[in-house]
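Just so it is clear, the structure is predicted and the values come from calculations on it, not from any experiment.
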Amino acid sequence: MARASLGPDLGKYGFRLWEATLPGCGRVGYRLWARAANTAGEVQGMTAIWNPGGYMRNPAPSIAVHAA
């Protein structure tokens with residue numbers, strides 16, 4: 001697991017850029033997850049909490065990448 005450096009805080013509902021260095025990655029495909037944690041130690045879940053209204057659907061997003 002790598003920790004990311006966060007960009008500037010753009011407000012309560014703003015997106016925040018981040019970047020991380022992943023040493024030792026070979027030339028293969030990977031899946032990266034961006035998982036948030038707050039100062040109280042609460043960590044974003046990996047799976048969705050489904051309900052009829054669609055509220056609270058906030059699992060950690062992921063993206064497929066290829067190291068070059």
Side-chain angles (χ1 to χ4, degrees):
M1 177 170 42
R3 294 207 177 260
S5 299
L6 295 175
D9 185 349
L10 301 176
K12 185 174 180 178
Y13 298 106
F15 287 95
R16 202 158 179 188
L17 295 176
W18 60 272
E19 68 177 54
T21 301
L22 304 173
C25 291
R27 291 178 177 245
V28 296
Y30 295 93
R31 178 157 294 274
L32 300 179
W33 280 266
R35 191 173 185 196
N38 65 17
T39 56
E42 299 169 320
V43 180
Q44 184 176 9
M46 295 298 285
T47 58
I49 301 170
W50 291 104
N51 62 71
Y55 301 104
M56 297 287 295
R57 191 200 177 285
N58 63 345
S62 69
I63 186 171
V65 296
H66 182 79

If you count the non-hydrogen atoms of other residues, nucleotides and ligands that lie under 6.0 Å from CG in Leu6, is the total more than 12? yes
Taking Ala37's backbone N and O only, do any of them form a donor-acceptor pair with Glu42's side chain (distance below 3.5 Å, no angle check)? no
Under 4.5 Å between side-chain heavy atoms, hopping through other hydrophobics if needed: is there a path connecting Val28 to Trp33? no
At their closest point, which heavy atom of Gln44 faces which heavy atom of Pro59, and how far apart are they? NE2-O, 3.2 Å
Hphob cluster co-occupancy, Leu10 + Trp18, side-chain heavy atoms under 4.5 angstrom: no
To check you understand the geometry: which heavy-atom pair defines the closest contact between Pro8 and Arg16, and what is its length? O-CG, 3.6 Å
